[in-house]
Amino acid sequence: MTVDQAPLPGPRPAVLRVVPGPRDDWFAGGALEVLCGRPYEVSQDSNRVGVRLHGPELARAREGELPSEGMVTGAVQVPPSGQPIVFLADHPPTGGYPVIAVVLAADLPVAAQLRPGDEVRFTLAQQLSG
């Protein structure tokens, strides 16, 4: 493949659309807005399990941990550090950490292509009216 045939990079910072997660009630009021408010930087510790991010801390409203539970690819898990992790193809169960949001399936290829040092932003997906 020549340089002129190489795929063009997507918008920077990358944008991942999310819907509220199954445990968003475990976070302080406004935590989803914090998640979507500023970009996060992809950590060097990212891999096929998940994209580990550094940025605004997501504060919890509850103490303790949950029983481990299965989770979908794209789940945004938040360990006690308050730094989100986006689950990718080889993700485990949650390990007891709450999931604040879930990345839309259509945006998972964008998440999987992120590299250490890249910036990524989250945005709430438009709710469909039935």
Side-chain angles (χ1 to χ4, degrees):
M1 180 179 282
T2 65
V3 173
D4 59 324
Q5 294 173 330
L8 295 174
R12 295 289 178 226
V15 177
L16 300 176
R17 295 170 293 169
V18 296
V19 294
R23 303 292 183 210
D24 66 332
D25 61 331
W26 273 62
F27 294 89
L32 275 173
E33 289 79 10
V34 171
L35 178 71
C36 296
R38 293 191 9 223
Y40 285 82
E41 182 177 331
V42 177
S43 164
Q44 292 185 13
D45 296 328
S46 298
N47 54 35
R48 287 179 48 87
V49 172
V51 178
R52 294 178 178 272
L53 302 170
H54 293 292
E57 186 175 323
L58 301 171
R60 290 195 192 173
R62 296 185 187 188
E63 296 289 323
E65 303 302 332
L66 295 156
S68 186
E69 55 191 354
M71 198 49 58
V72 298
T73 303
V76 181
Q77 171 182 270
V78 183
S81 68
Q83 299 299 302
I85 302 167
V86 179
F87 280 169
L88 293 178
D90 291 344
H91 71 84
T94 61
Y97 305 136
V99 172
I100 191 170
V102 178
V103 175
L104 295 185
D107 290 355
L108 289 175
V110 173
Q113 302 258 343
L114 292 170
R115 296 179 177 178
D118 283 352
E119 283 193 338
V120 62
R121 292 186 75 99
F122 294 95
T123 185
L124 283 174
Q126 297 293 325
Q127 297 292 332
L128 301 175
S129 58

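Excluded from the calculations below are hydrogen atoms, water molecules and symmetry mates; all remaining heavy atoms, backbone and side chain alike, are included. All figures in this text were calculated on a predicted structure; none of them were measured in a lab.
Qualifying side chain to side chain donor-acceptor pair (under 3.5 Å) partners for R38, counting only residues two or more places apart in sequence or in other chains: none.
In terms of modelled atom types and a separation under 3.5 Å, the side chain of E57 and the main chain of Q83 share no donor-acceptor contact.
Considering only heavy atoms from C-beta on, P84 stays 4.5 Å or farther from I100 through its side chain. Looking at Y97 and R60, their side chains come closer than 4.5 Å, going by heavy atoms from C-beta outward. Contact annotation: the side chain of Y40 never approaches that of L16 to less than 4.5 Å [non-hydrogen atoms, C-beta and beyond]. Side-chain contact between R52 and I85 is present, with heavy atoms from C-beta onward closer than 4.5 Å.
Sorted by first then second residue, the side chain to side chain donor-acceptor pair (under 3.5 Å) pairs that include residues 98-125, not counting sequence neighbours, are R17-D107.
When all heavy atoms of L66 and P98 are compared, the pair lying nearest together is CD1-CA, 3.8 Å. The minimum heavy-atom distance between G74 and L108, with the atom names listed, is CA-CD2, 3.5 Å. The shortest heavy-atom contact between A89 and T73 is N-CG2, 4.2 Å. Closest heavy-atom contact between V34 and P56: CG1-CB, 3.7 Å.
Hydrophobic clustering, with ILVMFWY side chains joined whenever heavy atoms are under 4.5 angstrom apart, keeps L88 apart from V49.
Of the residues S46, S43, P116, the one that meets the side chain to side chain contact (heavy atoms under 4.5 Å, CB included) test with V51 is S46.
Residue D45 holds its CG atom at 6.5 Å from NE2 of H54, rounded to the nearest 0.5 Å.
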Let me check something: any side-chain donor-acceptor pairs from residues 21-31 under 3.5 Å, sequence neighbours excluded? List them with distances.
from	atom 1	to	atom 2	distance (Å)
R23	NE	E69	OE2	3.1
R23	NH2	E69	OE1	2.8
D25	OD2	R62	NH2	3.2

